[in-house]
Structures are given as C-alpha cells and as structure tokens.
Novice: 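Sharing a structure, written as structure tokens. Questions coming.
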Amino acid sequence: TYITIMLGATLGVFLFNFPVGRVFLGDGGAYLIGFFLAILGLILIKNNSAVSPWFPLTVLVYPVTETLFSMFRKKIISGTPAMAPDKFHFHMLVHDRLISRRHGRWPRNRNAMTSLIMWGIFVIGLLPGILWWDNTPYLISVVLIFFLLYVFSYIWLIRRVPSDTSS
C-alpha cells in the first residue's frame, strides 16, 4: 500500500512537471522520497532472505553516491558545512556545463534534457541491480564501479567543461 501511495504521488508530480517544471519538491521532497525508498529497501531485504542486502544500495547508487560525495566535498574539500547548499551537485553541473552550452542560455527544454541524462545515469545502477538482485559480489562490484565512474565524471565536468557563465 505504501509503495502505491508513493508511486502515485511521485507519478503525479512527474506528469505535472515534465517537460516544463511547475512544482518544485526541493530538498524536503527529495529527502522524504529518499527516506521512504531506504525504508522500503530495508523491509525488502528483511522479508526476503534471497535478496542481497546490496540490492537496495545498487538500485539507489546514484542518489546515495551524490549525497555522500556532496557531504564529503563540502565538509572535507571546501571546509563548509556538509548540509550547506551549493551549485556543484552532479545534476547541476550536467545542467550548467553540458546542456546550457549546447542549447542556449534559457530554452524551455533544458531541465527536461538534464532529467533525461540523469535518468540514464540512474539506470546504470538500476539494471544491474534488477539483473543480479541475489548476487552480492556482482552488486558490490557495480557499486564500486559506479562510484569510480561518478568521481571521474565529476572531475571531468569541473575541470574540462567550462561553465555557461565563462563563455
């Protein structure tokens, strides 16, 4: 029942917002959905011993990596509070440094194009998670490979791709 309610609410927001955003969920909405998905993952592995405990982490590897990396980047690298807002999240870099540079400064579909790229990145963890839901060594490998790809991609976006404000 809970998953149906969450799915319906999320789908409603998606349909209302895509391709042009009208409602902003913000950090509170993102944290609520993330918390709910984490609880569902814990319930899943508690009630189904055949499912690898790494399955929920693999399926949610992008948001988990983004959150942990952002906290590390802010606290350790920048010396700012881990929960302070900034404009250097991966999806913001994709939006500002890839999409904006190729499609002008203010086109209507810029956010939608960023979403499509981010969904593709999310699928990198989702598909192996679904395929190898019971194979812990494979899932651990997927998580480690994703993390490495994320860090290298992040560094590439920061160093190699100029922001739209520098052109």
Novice: Just checking F69: does its CZ atom have more than 12 heavy atoms from other residues, nucleotides or ligands closer to it than 6.0 angstrom?
Specialist: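 For F69, atom CZ is crowded (more than 12 foreign heavy atoms under 6.0 Å).
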
Novice: Do H89 and S70 have side-chain N/O donor and acceptor atoms under 3.5 Å apart?
Specialist: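 On atom types as modelled, these side chains qualify, holding a pair under 3.5 Å.
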
Novice: Determine yes or no for a side-chain-to-main-chain donor-acceptor pair under 3.5 angstrom, with R97 supplying the side chain and I158 the backbone.
Specialist: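 Answer holds: yes.
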
Novice: Give a yes or no on whether I124 and I145 share a hydrophobic cluster (residues Ile, Leu, Val, Met, Phe, Trp, Tyr; joining criterion: side-chain heavy atoms under 4.5 Å apart).
Specialist: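 Each belongs to a different hydrophobic cluster.
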
Novice: Nearest 0.5 angstrom please: F35 CZ to L40 CG, how far?
Specialist: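 If I round to the nearest 0.5 Å, the distance is 10.0 Å.
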
Novice: Please answer whether the main-chain N or O of M92 pairs with a side-chain N or O of K87 as donor and acceptor at a distance below 3.5 Å.
Specialist: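 Pair absent, no side-chain N/O of K87 close to backbone of M92.
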
Novice: Do you reckon I5 sits in the same ILVMFWY cluster as L15, going by side-chain contacts under 4.5 Å, direct or chained?
Specialist: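 I5 and L15: separate clusters.
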
Novice: Hey, any chance L68 and F90 share a hydrophobic cluster, counting ILVMFWY side chains that come within less than 4.5 Å of each other, even indirectly?
Specialist: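 Yes, L68 and F90 fall within the same hydrophobic cluster.
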
Novice: Can you measure from CD1 (I117) to CD1 (I121) and round to the nearest 0.5 angstrom?
Specialist: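 Output value for this atom pair is 7.0 Å.
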
Novice: Taking all non-hydrogen atoms of both residues, which atom of A50 and which atom of W133 are closest, and how far apart?
Specialist: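 Reported closest heavy-atom pair: O-CZ3, 3.6 Å.
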
Novice: Are D86 and R73 close enough for a salt bridge, meaning some N to O gap below 4.0 Å?
Specialist: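 So D86 pairs with R73 through a salt bridge.
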
Novice: To the nearest 0.5 angstrom, please state how far the CG atom of D96 sits from the NE2 atom of H91.
Specialist: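 D96 CG to H91 NE2: 9.5 Å, rounded to 0.5 Å.
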
Novice: Rounded to the nearest 0.5 Å, what separates atom CE in M118 from atom CD in E66?
Specialist: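 Answer rounded to 0.5 Å: 7.0 Å.
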
Novice: With heavy-atom distances below 4.5 Å as the criterion, would you say the side chains of T136 and P53 are in contact?
Specialist: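 When only atoms from C-beta onward are counted, P53 and T136 do touch, with a gap below 4.5 Å.
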
Novice: Find out whether W54 and V142 are in side-chain contact, i.e. whether some heavy atom of one side chain is under 4.5 Å from a heavy atom of the other.
Specialist: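 Heavy-atom side-chain distance check fails, nothing below 4.5 Å.
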
Novice: If I take atom CH2 from residue W132 and atom OG from residue S52, how far apart are they, to the nearest 0.5 angstrom?
Specialist: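 Output value for this atom pair is 13.0 Å.
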
Novice: Could you pull out the closest heavy-atom pair between P56 and G41, with the gap in Å?
Specialist: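 For P56 versus G41, the nearest heavy atoms are CG-O, 3.7 Å.
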
Novice: Look only at the side chain of T65 and the backbone of F147, and say whether a donor-acceptor pair between them is shorter than 3.5 Å.
Specialist: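 No.
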
Novice: State whether the side chain of Y150 and the backbone N or O of V61 hold a donor-acceptor pair below 3.5 Å, judged by distance alone.
Specialist: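 Checking the backbone N and O of V61 against the side chain of Y150, no donor-acceptor pair under 3.5 Å is found.
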
Novice: Working to the nearest 0.5 angstrom, can you tell me the gap between F146 CZ and L149 CG?
Specialist: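 The CG atom of L149 is 8.0 Å from CZ of F146, to the nearest 0.5 Å.
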
Novice: Side chains of L37 and L60: closer than 4.5 Å at any heavy-atom pair?
Specialist: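 L37 vs L60: side chains touch.
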
Novice: Okay, side chain of N135, backbone of Y138: is any donor-acceptor separation there less than 3.5 Å?
Specialist: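 Yes; at least one donor-acceptor contact below 3.5 Å.
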
Novice: Heavy atoms, side chains only, cut-off 4.5 Å: are T10 and I33 in contact?
Specialist: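 Answer yes - side chains close enough.
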
Novice: Could you check whether W119 and F14 have their ring centres less than 6.0 Å apart?
Specialist: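 Yes.
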
Novice: According to a hydrophobic-cluster definition based on side-chain heavy atoms being under 4.5 Å apart (Ile, Leu, Val, Met, Phe, Trp, Tyr only), do L44 and L131 belong together?
Specialist: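 Yes, L44 and L131 fall within the same hydrophobic cluster.
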
Novice: Is the closest side-chain heavy-atom distance between Y154 and L93 below 4.5 Å?
Specialist: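 Side chain of Y154 against side chain of L93, heavy atoms only: contact under 4.5 Å found.
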
Novice: Applying side-chain contact (heavy atoms from CB on, under 4.5 Å), run through D134 and V51 and close with a yes or a no.
Specialist: CA-CA 5 Å; D134 60 345; V51 176; over 6 Å; no

Novice: Shared ILVMFWY cluster between V143 and V123, side chains joined below 4.5 angstrom?
Specialist: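 Not linked; separate clusters.
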
Novice: For L139 versus P128, what's the shortest heavy-atom pair and its separation?
Specialist: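 Looks like CD2-O, 3.8 Å.
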
Novice: How far apart are the C-alpha atoms of I77 and F72, what are their side-chain angles, what is the distance that settles it, and do they pass the side-chain contact (heavy atoms from CB on, under 4.5 Å) test?
Specialist: CA-CA 7 Å; I77 296 174; F72 171 80; 3.7 Å; yes

